Structure formats: structure tokens, C-alpha cells
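This report concerns only the one structure given below.
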Amino acid sequence: MKMKAIHTCIRVYDLEKSIEFYEKALGLKVRERKDYPEDKFSLVYLGDEESGHEIELTYNVGHEPYDLGNGYSHIAYEVEDLEKAHEEHKKMGYKVTELSGLSDSNIPKFYFITDPDGYDIEIVRKK
Ligand SMILES: C[C@@H](O)C(=O)SC[C@H](NC(=O)CC[C@H](N)C(=O)O)C(=O)NCC(=O)O
Ligand code: NI
């Protein structure tokens, strides 16, 4: 059965702060916003122009900060110039890890940047 990944949904505590992060840090664009005042939540979809994949932000009015638990690992984005992206993210003042890689190579392949809720986003060097 042929399927296509269209979005990844995360619940966020501060909607505007999260929109700013995904726009500024990842260059995503708000594609759609749907408000459901009667059900006290909003959905915001931010798209990646190249792949078409979207991050869906779910905002529940009045909800306390989320406990992300220990099951979530990361959502990954790829980039041509890993070192340049790493420097730019550090200059933006975001929490980033050092460049890293796995034991199969001594060339750094990725790093992580953390969003306002604590979700880690992996930035991977494009193959
Ligand atoms: C439109 C489609 O992309 C959705 O993901 S809607 C899924 C729906 N979301 C909500 O009801 C948002 C508010 C709710 N309080 C929540 O925090 O999820 C839904 O079914 N959510 C349940 C879930 O487990 O995702
Ligand atoms: Ni969804």
C-alpha cells in the first residue's frame, strides 16, 4: 500500500515561541493554521519547501509544559554544509550539541538543536 509521510505532530507549550523556532532555525514556512476555540486547541502546520514534509504544532490552551518522557529521540533534517549550519545555529543562540558522528567514521555527520519544549532536532550532513 503506497504511502507518503506528510507531517510529524508535536504538542507545544508556547505556540508563538515554537513557530518562531521552526521558522528561524529550520527555515520552515507556516502553511496553515486551524483554531478550534470550542475545543481549546490550535494546529499550525510549518512546511519544508524542498521535501513538502510538515511539522504540525498542537497547542492546547492552558496546558502546562509537556513532559516529553524518555521515548522521543529526534526528528531529522539534512543540510549540505554541516559546519556552516552549526555555526549559524550557535550564533542564533539556540542550544546545540557539538558536531558528532558514529563509530563507523571519524567525519562528523550530525548535531542536535533543541526546540523551546525540549524536542531535539537532528541536523545531518547531506550524503
Ligand atoms: C488534522 C490532523 O493532522 C491531526 O493531527 S488532528 C489529531 C487530533 N488532534 C487534536 O485533537 C489536537 C488537540 C488534542 N487535545 C491533542 O492534544 O491531541 C487528535 O486526534 N489528537 C489525539 C492524538 O493522540 O494526537
Ligand atoms: Ni496530524
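Residue numbers start at 1 and run along the sequence shown. Model, not experiment: these values are computed from the prediction. Side chains are part of it too, since the values below use all heavy atoms of this structure and drop only hydrogens, waters and symmetry mates. Atoms within each ligand, like the ligands themselves, are counted from 1 in listed order.
- Residues meeting the side-chain contact (heavy atoms from CB on, under 4.5 Å) test with K34, sequence neighbours left out: E32, Y36, L43, Y45.
- Listed by chain and residue number, nothing satisfies the side-chain contact (heavy atoms from CB on, under 4.5 Å) test with K4 (two or more places apart in sequence, or in another chain).
- The residues lining ligand 1, counting any heavy atom closer than 4.0 Å, are H7, R11, F41, Y45, E56, T58, N60.
- The N, O or S atom of H7 with the smallest distance to the Ni ion (ligand 2) is NE2.
- Checked by atom type and distance alone, the side chain of D39 never pairs as donor or acceptor with a backbone atom of F41 at under 3.5 Å.
- The nearest N/O/S atom of E56 to the Ni ion (ligand 2) is OE1.
- A perpendicular orientation is assigned to the rings of F112 and F110, their planes being inclined by more than 60° (bins at 30° and 60°).
- Under the ring pair (Phe, Tyr, Trp, His ring centres under 6.0 Å) criterion, Y59 pairs with no residue at all, not counting sequence neighbours.
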When you look at L57 and I10, which way does the side chain to side chain contact (heavy atoms under 4.5 Å, CB included) test go after all the steps?
CA-CA 5 Å; L57 304 179; I10 54 176; 3.8 Å; yes
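- No side-chain heavy atom of E98 sits under 4.5 Å from any side-chain heavy atom of Y111.
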